[in-house]
Structure formats: C-alpha cells, structure tokens
S.K.: 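Got a structure for you, questions after.
Computed from heavy atoms alone, side chains included, the values below leave out hydrogens, waters and symmetry copies.
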Amino acid sequence: MEPFQILCSVAAVILALYYYLTSNFDYWKSRGVPGPRPIPGFGNLKDFLLRKETLGDYVLKLYTDYKDKPLIGIFTWRTPILIVKDPELIKNIFIKDFPTFADRGITTHEKAEPLSQNLFNLNPQRWRPLRAKMSPIFTSRKLKEMFSLISDCADHLVHHTEELANKNEPIECCELMAKYTTDVIGSCAFGLEINALSLKDNEFRRIGRNVFHPPWSDLIRDKIKKFSPWFYDVLGYILPDTEITSFFMRLVIDSMEYRDKNNIVRHDFIDILRDFKKRSDKMSDIDFTDSLIASQAFLFFSAGFETSSSVMSNLVYELALNQEVQNKLREEINEEYTKRDGNLTYDNIKEMDYLNKVFKETLRKYPPMMFYTRKTTSNYTFDSVKANIPKGQYIWIPVFALQHDPNIYPEPDIFDPERFNEKAVQNRHPMYFLPFGDGPRNCIASRFAIYEVTLGILKLLRHYKFEPCEKTEIPYIRNEETFVTTSKNGIYLKIIKINQKNSEDQIV
C-alpha cells in the first residue's frame with residue numbers, strides 16, 4: 001500500500017472515530033437544555049476521569065454555575081445525563097409521574113453478580129411486587145419488636161466505648177460505629193450475636209469492609225462490568241463467585257435450613273425471607289430463588305450498617321466541634337430519662353425534638369448518597385420548561401448540592417439543627433431535603449435506620465462527652481471513593497466518661 005493510501009486510511013479512521021465520539025453532542029442544545037461543552041472521548045468528566053476532581057465536587061460546581069437553571073445537560077463519555085435541580089420537577093420524578101421514572105438505571109447480572117438482584121437495583125417490573133411483599137417488614141409493629149434488640153446492642157456500644165475511653169487515646173469513631181451497626185444488623189436481620197464490638201477479627205466486619213472497600217480482584221470485575229456488560233455476563237459462567245457472594249449465599253441458605261430443621265422461629269428478616277421461599281409457588285409474580293433471597297439479605301446488611309454508621313460518626317464529629325449543640329442535646333436526653341424514670345420506650349424517642357433536629361441536620365450536611373439516579377421508561381416532557389426527553393434517558397438528582405444550596409440553607413457548611421424547626425421546615429420545599437429519597441421508591445428501611453442511629457447516640461451521650469483532639473481532621477474531607485458520605489481519613493475524637501447518678505438505664 002502506498003504511503004498516501006496509508007495516510008488516507010489513518011485519516012479516515014480518525015475522522016470516523018471523531019464523528020462517533022461527537023455525533024450526539026448537539027443532543028442537549030436541540031432540546032433547549034443548557035450545559036457545559038463536552039470534550040471528545042471524555043464528555044464533561046475529564047477532570048474526574050483523570051482524578052483531578054471528585055464527582056461530587058463537579059456536580060456541586062455545576063449546580064452553582066447554572067444556579068438559575070432548572071435543568072443541566074452533561075455527557076459521561078457519549079451518554080447524555082440530565083441533572084434536575086428544580087424542586088417541582090424533582091417532585092414530578094419521585095412522586096407525581098413516578099411510573100415514568102421508576103427505573104434506577106442500574107443493571108443486574110444474575111450469573112456474574114448474584115447479589116445484584118436486590119431491591120435497590122431491580123428494574124420496575126421485578127421491583128414493584130418485591131417491594132410490596134417486603135414493606136411489612138418495616139412497619140411500626142415490627143420496629144417495636146426489634147427495638148429491644150437494638151437497645152441491647154447500644155448497651156454493648158456503651159460498655160465497649162468505656163474500655164476505649166479508659167485508654168485515654170484518640171478513638172476512631174467510624175470503625176466504632178460500624179462495629180455497632182454490624183451488631184445491630186446481625187441481631188435484627190440474621191438472629192446472630194456477631195459481637196463485632198468485642199471480637200477483633202470479626203468475619204462480618206471484615207466482609208463489611210470489603211463491600212465498600214473491595215479488593216483489587218473485585219475492582220477489576222467492576223471495571224469490566226462498566227465497559228462491557230455483555231462480556232461480564234459471559235464471565236459469570238467462568239469465574240468463581242466473589243468472597244462476598246459466597247459468604248452471603250452460605251449465610252442465608254444455611255440459616256434457613258438450620259431453622260427449618262430445628263423448628264426455630266425468630267420473626268426477624270431471615271424468617272420473612274424463609275416464608276417468602278416457602279410460599280414462592282403461590283407467588284407467580286416473583287421467583288424466589290436462593291440468589292434473589294440472599295440479595296435482599298445482602299442489601300439489608302450493607303445498607304444497614306454502612307450508611308447508619310457513617311451518619312453516627314458524622315453526627316458525633318459535629319457534636320465534638322459544636323459543644324453547645326452537644327450540651328443541649330444531652331440536656332434533652334437527661335430530662336427525658338428523668339421524666340420517664342429511666343424507662344424510655346419506642347414512642348418516647350420519637351418525641352425527642354432536639355434529637356430529631358440534630359439527626360436531620362446531620363443528614364442534611366452529610367447525605368448518605370451524593371445523588372440519585374433514574375432512567376425514563378417512556379418519552380417525557382417537563383411541561384413547565386418545555387423540555388422533551390426520550391425513553392431510556394438517564395437522570396441525576398443532585399442531593400448533596402440541593403442540601404448545600406446557600407439560597408435554601410444559608411451558610412450550608414455551618415452545623416445548625418434549628419434549620420429543622422417547625423417554621424423553617426414549613427417554609428422550605430420538601431424536595432430540598434432528600435436523605436432517604438422520596439415517593440414509592442424511597443428507602444424502605446429509613447425508619448429502622450433512624451432508630452438504629454438515635455438509640456445508639458442517645459445512650460452514648462448519656463454517658464460520654466465527645467471532644468476534638470490532635471488527630472481530628474478539621475475541616476472535614478469527604479472520601480469520594482465510596483458512594484456513602486464518609487470521612488477520607490477517619491474521624492478521631494477524644495471521648496470522656498461522664499459520671500451519672502443513675503447509671504442503670506432501661507429502654508423497653
């Protein structure tokens with residue numbers, strides 16, 4: 001082949017590739033949606049892909065740069081993503097026009113990744129009947145039945161914290177709270193005394209770390225899944241299960257078989273799943289395979305311990321930096337104990353006003369997720385802004401940016417529980433506070449998480465004072481390698497024992 005022909009061939013390949021990479025770059029302009037100019041091969045995420053900027057920081061910057069725009073159009077590589085900022089449009093997505101936005105846009109891989117078939121990931125057709133059958137697990141009656149189990153774990157947290165405090169050394173609170181919430185999930189979901197607080201090399205805690213900080217082999221599998229989903233499915237027939245998959249499949253199946261054999265009933269999460277499996281022949285809308293059942297247990301475990309422990313560690317971090325808030329909250333807790341003669345109930349804790357404000361302000365400043373994703377199931381028009389989007393359109397709801405909007409929450413980096421007094425809440429659009437999402441596909445276990453966190457916190461504050469120390473990271477640096485809002489380098493605090501006249505607390 002002549003040199004000129006070679007050059008022409010190379011030029012043709014380059015032009016074809018350039019056309020492929022840029023052919024849809026007028027996508028948002030044609031729909032009247034503003035957004036930054038994309039770069040071929042990167043879209044709008046060049047700095048994120050090159051590790052120069054975190055995704056959360058980029059979305060927050062976009063939110064600010066387009067502060068008067070209800071919609072922003074960006075590209076991840078060639079894929080158009082719509083960022084929705086306007087609270088009324090978000091309400092349409094979550095509630096009013098939910099059927100069009102019921103899909104989270106997350107793929108499941110039954111063979112390569114059996115645990116991906118959980119309630120969070122499933123498409124609308126599989127999610128809807130499963131959600132209806134799982135909702136009764138988290139009713140008020142069920143939560144009251146679990147309350148004493150959570151209380152026992154909170155007592156163990158108090159006793160373990162005393163051992164740590166007596167060493168007079170900085171305490172890493174992220175790990176401390178993660179061990180507590182692991183114990184709670186073990187007791188309430190699996191009927192097991194895990195003792196993550198007491199045992200140094202606890203298998204449940206190790207597996208929990210691997211879920212959110214996976215080993216290199218799992219990271220490689222994740223990269224393959226993102227860039228070639230079909231090839232990832234093929235690998236499912238070749239590669240062995242990951243350690244996490246094997247652990248949960250074995251745990252759930254063995255637990256159910258043991259209870260069947262010994263006629264054990266605990267009315268916990270495993271028993272609910274066991275009942276689903278027994279009645280699967282009568283449930284024509286769902287095939288309760290072992291992997292589907294194990295997937296729900298995996299979701300309850302991973303979401304229940306990690307998000308809750310992150311909220312708890314972030315909460316005590318803010319209490320340590322805001323002593324007046326800590327003192328006021330402890331005063332409310334002590335008053336409630338005195339009023340109830342030391343016998344707090346499920347309903348008493350719901351009525352603790354300042355505890356509720358502190359909890360919500362923590363969720364506002366440190367939402368469990370930076371943004372929510374949706375994928376349209378049909379063509380849709382945002383009537384108020386006359387923007388049309390097709391079926392299959394990916395959407396981001398920028399929760400972190402919404403909850404740090406200075407026009408809604410003045411000085412958003414300041415920790416102020418009074419943002420959630422009755423008047424402030426009434427004057428604010430509800431879509432500006434979305435820690436658990438909203439609408440039919442909100443967090444199914446949000447009330448469980450609330451009591452898991454608040455019960456642990458109130459018992460700790462009853463006995464201990466939290467203060468910053470030389471290892472406390474100020475300001476807070478977010479860890480962007482996980483999708484949960486956590487500290488990058490851990491939360492180290494000084495914890496001081498408080499002498500209480502009435503140390504024997506009871507919660508019933």
S.K.: Supply the atom-to-atom distance Ile444 CD1 to Ile137 CD1, rounded to the nearest 0.5 angstrom.
M.R.: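 Nearest 0.5 Å value for the CD1-CD1 distance: 6.5 Å.
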
S.K.: Indicate every side-chain donor-acceptor pair of residues 87-103 with a distance under 3.5 Å to a residue at least two apart or in another chain.
M.R.:
residue: Glu88; atom: OE2; partner: His429; partner atom: NE2; Å: 2.7
residue: Asp97; atom: OD2; partner: Tyr380; partner atom: OH; Å: 2.5
residue: Asp103; atom: OD1; partner: Gly105; partner atom: N; Å: 2.8

S.K.: Test of understanding: with salt bridge (charged side-chain N to carboxylate O under 4.0 Å, His left out), list the residues that count as partners of Asp86, not counting sequence neighbours.
M.R.: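 Partners of Asp86 under the salt bridge (charged side-chain N to carboxylate O under 4.0 Å, His left out) test: none.
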
S.K.: With side chain to side chain contact (heavy atoms under 4.5 Å, CB included) as the criterion, how do Met431 and Leu434 come out once you've worked through the C-alpha distance, each side chain's angles and the decisive distance to 0.1 Å?
M.R.: CA-CA 6 Å; Met431 294 298 112; Leu434 295 167; 3.9 Å; yes

S.K.: For a quick test of your reading: what N or O donor-acceptor pairs under 3.5 Å do the side chains of residues 382-389 make, sequence neighbours left out?
M.R.:
residue: Asn388; atom: OD1; partner: Thr381; partner atom: OG1; Å: 2.5

S.K.: Atom CG of Leu319 and atom OG1 of Thr362: how far apart are they, to the nearest 0.5 Å?
M.R.: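 The distance works out to 7.0 Å.
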
S.K.: Please list, chain by chain and in numerical order, all residues satisfying salt bridge (charged side-chain N to carboxylate O under 4.0 Å, His left out) with Asp47, sequence neighbours excluded.
M.R.: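 Applying salt bridge (charged side-chain N to carboxylate O under 4.0 Å, His left out) to Asp47 gives none.
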
S.K.: Working to the nearest 0.5 angstrom, can you tell me the gap between Leu315 CG and Leu329 CG?
M.R.: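 Between atom CG of Leu315 and atom CG of Leu329 there are 7.5 Å.
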
S.K.: Specify the closest pair of heavy atoms between Met177 and Ser313, including all atoms of both residues, with the distance to one decimal.
M.R.: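 The pair with the smallest heavy-atom distance is CG-N, 3.9 Å.
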
S.K.: Could you tell me the separation between the CG atom of Asn421 and the OH atom of Tyr354, rounded to the nearest 0.5 Å?
M.R.: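 Reported value, rounded in 0.5 Å steps: 11.0 Å.
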
S.K.: One thing to verify: whether Asp353 and Lys357 come together as a salt bridge, which I'm taking to mean a side-chain N less than 4.0 angstrom from a carboxylate O.
M.R.: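 Looking at Lys357 and Asp353, the cut-off is met.
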
S.K.: Any non-hydrogen side-chain atom of Ser446 less than 4.5 Å from a side-chain atom of Phe138?
M.R.: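 Side chain of Ser446 against side chain of Phe138, heavy atoms only: no contact under 4.5 Å found.
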
S.K.: Do Phe300 and Gln296 come close enough that some side-chain heavy atom pair is under 4.5 Å?
M.R.: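 A side-chain contact under 4.5 Å is absent here.
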
S.K.: So do Tyr346 and Ser140 actually touch side chain to side chain, heavy atoms under 4.5 Å?
M.R.: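 Of all side-chain heavy-atom pairs linking Tyr346 with Ser140, at least one is under 4.5 Å.
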
S.K.: If the condition is salt bridge (charged side-chain N to carboxylate O under 4.0 Å, His left out), which residues does Glu243 pass it with, not counting sequence neighbours?
M.R.: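 Partners of Glu243 by the salt bridge (charged side-chain N to carboxylate O under 4.0 Å, His left out) criterion, ordered by chain and then number, come out as Arg206.
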
S.K.: Look only at the side chain of Asn44 and the backbone of Arg37, and say whether a donor-acceptor pair between them is shorter than 3.5 Å.
M.R.: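 Yes: the side chain of Asn44 pairs with the backbone of Arg37.
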
S.K.: Would you check, one step at a time, whether the test side chain to side chain contact (heavy atoms under 4.5 Å, CB included) holds for Phe269 with Ile185?
M.R.: CA-CA 10 Å; Phe269 193 70; Ile185 297 300; over 6 Å; no

S.K.: Of all heavy-atom pairs between His404 and Asp413, which one has the smallest distance, and what is that distance?
M.R.: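 Here His404 and Asp413 meet closest at CD2-OD1, 3.9 Å.
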
S.K.: How long is the straight-line distance from OG1 of Thr22 back to CG of Leu17, given to the nearest 0.5 Å?
M.R.: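 The CG atom of Leu17 sits 9.0 Å away from the OG1 atom of Thr22.
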
S.K.: Which residue pairs pass the ring pair (Phe, Tyr, Trp, His ring centres under 6.0 Å) test with at least one member in residues 39-62, sequence neighbours excluded?
M.R.: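 Listed once each, the pairs would be none.
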
S.K.: Run the numbers on Leu71 and Leu82 for side chain to side chain contact (heavy atoms under 4.5 Å, CB included), then give the verdict.
M.R.: CA-CA 7 Å; Leu71 303 172; Leu82 181 64; 3.9 Å; yes

S.K.: Output, in order, the C-alpha distance, side-chain angles, deciding distance and verdict of side chain to side chain contact (heavy atoms under 4.5 Å, CB included) for Leu273 and Phe288.
M.R.: CA-CA 9 Å; Leu273 297 179; Phe288 277 101; 5.8 Å; no

S.K.: Can you tell me which residue pairs pass the salt bridge (charged side-chain N to carboxylate O under 4.0 Å, His left out) test with a partner in residues 360-377, sequence neighbours excluded?
M.R.: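 Of all non-adjacent pairs touching residues 360-377, those that pass salt bridge (charged side-chain N to carboxylate O under 4.0 Å, His left out) are Glu318-Lys365, Glu361-Arg364, Glu361-Arg419.
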
S.K.: Return the minimal non-hydrogen interatomic distance between Arg104 and Thr373, and the atom names on each side.
M.R.: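 For Arg104 and Thr373, the tightest heavy-atom pair comes out as O-OG1, 2.9 Å.
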
S.K.: With sequence neighbours left out, write down each residue that passes ring pair (Phe, Tyr, Trp, His ring centres under 6.0 Å) with Phe433, or none if nothing qualifies.
M.R.: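 Per chain and number, Phe433 pairs via ring pair (Phe, Tyr, Trp, His ring centres under 6.0 Å) with Phe420.
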
S.K.: Could I get the full list of ring pair (Phe, Tyr, Trp, His ring centres under 6.0 Å) partners for Phe247, not counting sequence neighbours?
M.R.: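 Residues passing ring pair (Phe, Tyr, Trp, His ring centres under 6.0 Å) with Phe247: Phe204.
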
S.K.: Name all residues meeting the side chain to side chain contact (heavy atoms under 4.5 Å, CB included) criterion together with Ser487; count only those two or more places apart in sequence or in a different chain, and write none if there are none.
M.R.: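 Checked Ser487 against side chain to side chain contact (heavy atoms under 4.5 Å, CB included); matches are Glu473, Tyr476, Ile491.
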
S.K.: Side-chain contact, heavy-atom cut-off 4.5 Å: Tyr63 with Asp405?
M.R.: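 They are in side-chain contact.
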
S.K.: Is there a side-chain contact between Lys142 and Phe448 in this structure, where contact means two heavy atoms from C-beta onward sitting under 4.5 Å apart?
M.R.: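 Sidechains of Phe448 and Lys142: no contact.
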
S.K.: Would you be so kind as to tabulate the donor-acceptor pairs closer than 3.5 Å made by side chains of residues 72-80, with sequence neighbours excluded?
M.R.:
residue: Arg78; atom: NE; partner: Tyr20; partner atom: O; Å: 2.4
residue: Arg78; atom: NH2; partner: Tyr20; partner atom: O; Å: 3.3
residue: Arg78; atom: NH2; partner: Ser23; partner atom: OG; Å: 3.2

S.K.: Of the non-hydrogen atoms in Tyr66 and Pro36, which two are nearest, and what is the gap between them?
M.R.: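 For Tyr66 and Pro36, the tightest heavy-atom pair comes out as OH-N, 3.0 Å.
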
S.K.: Give, for atom OH of Tyr451 and atom CD1 of Ile150, the distance between the pair rounded to the nearest 0.5 Å.
M.R.: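 Separation between the atoms: 10.0 Å.
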
S.K.: Quick check: closest heavy atoms across Thr376 and Pro390, and the distance to 0.1 Å?
M.R.: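 Minimum heavy-atom contact is OG1-O, 2.8 Å.
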
S.K.: With sequence neighbours left out, write down each residue that passes salt bridge (charged side-chain N to carboxylate O under 4.0 Å, His left out) with Arg205, or none if nothing qualifies.
M.R.: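 Arg205: salt bridge (charged side-chain N to carboxylate O under 4.0 Å, His left out) contacts with Glu175.
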
S.K.: Would you call Val399 and Met369 a side-chain contact if the rule is heavy atoms closer than 4.5 Å?
M.R.: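 A side-chain contact under 4.5 Å is absent here.
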
S.K.: Do the non-hydrogen side-chain atoms of Thr486 and Glu306 ever get within less than 4.5 Å of each other?
M.R.: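 Contact flag for Thr486/Glu306 side chains = yes.
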
S.K.: What class does the angle between the rings of Phe190 and Phe301 fall in, given that below 30° is parallel, 30 to 60° is tilted and above 60° is perpendicular?
M.R.: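 The arrangement is tilted - the two ring planes meet at 30° to 60°.
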
S.K.: Measure the acute angle between the ring planes of Tyr317 and Tyr366, then classify it against the limits of 30° and 60° as parallel, tilted or perpendicular.
M.R.: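 Aromatic pair Tyr317/Tyr366 classed perpendicular.
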
S.K.: Do Glu110 and Ser291 come close enough that some side-chain heavy atom pair is under 4.5 Å?
M.R.: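 Glu110 does not reach Ser291 side chain to side chain.
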
S.K.: Is there a donor-acceptor pair closer than 3.5 Å between any side-chain N or O of Thr139 and the backbone N or O of Ser135?
M.R.: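 Side chain of Thr139 to backbone of Ser135, a donor-acceptor pair under 3.5 Å: no, none is there.
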
S.K.: Could you walk me through whether Thr181 and Glu452 pass the side-chain hydrogen bond (donor to acceptor under 3.5 Å, both in side chains) test, one step at a time?
M.R.: CA-CA 7 Å; Thr181 54; Glu452 180 184 19; 4.6 Å; no

S.K.: Could you check whether atom CD of Glu411 has more than 12 heavy atoms from other residues, nucleotides or ligands sitting under 6.0 Å from it?
M.R.: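 Atom CD in Glu411 is not crowded, with 12 or fewer foreign heavy atoms closer than 6.0 Å.
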
S.K.: Which heavy-atom pair separates Gly437 from Asn442 by the least distance, and what is that distance?
M.R.: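 Result for this residue pair: C-CB, 4.0 Å.
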
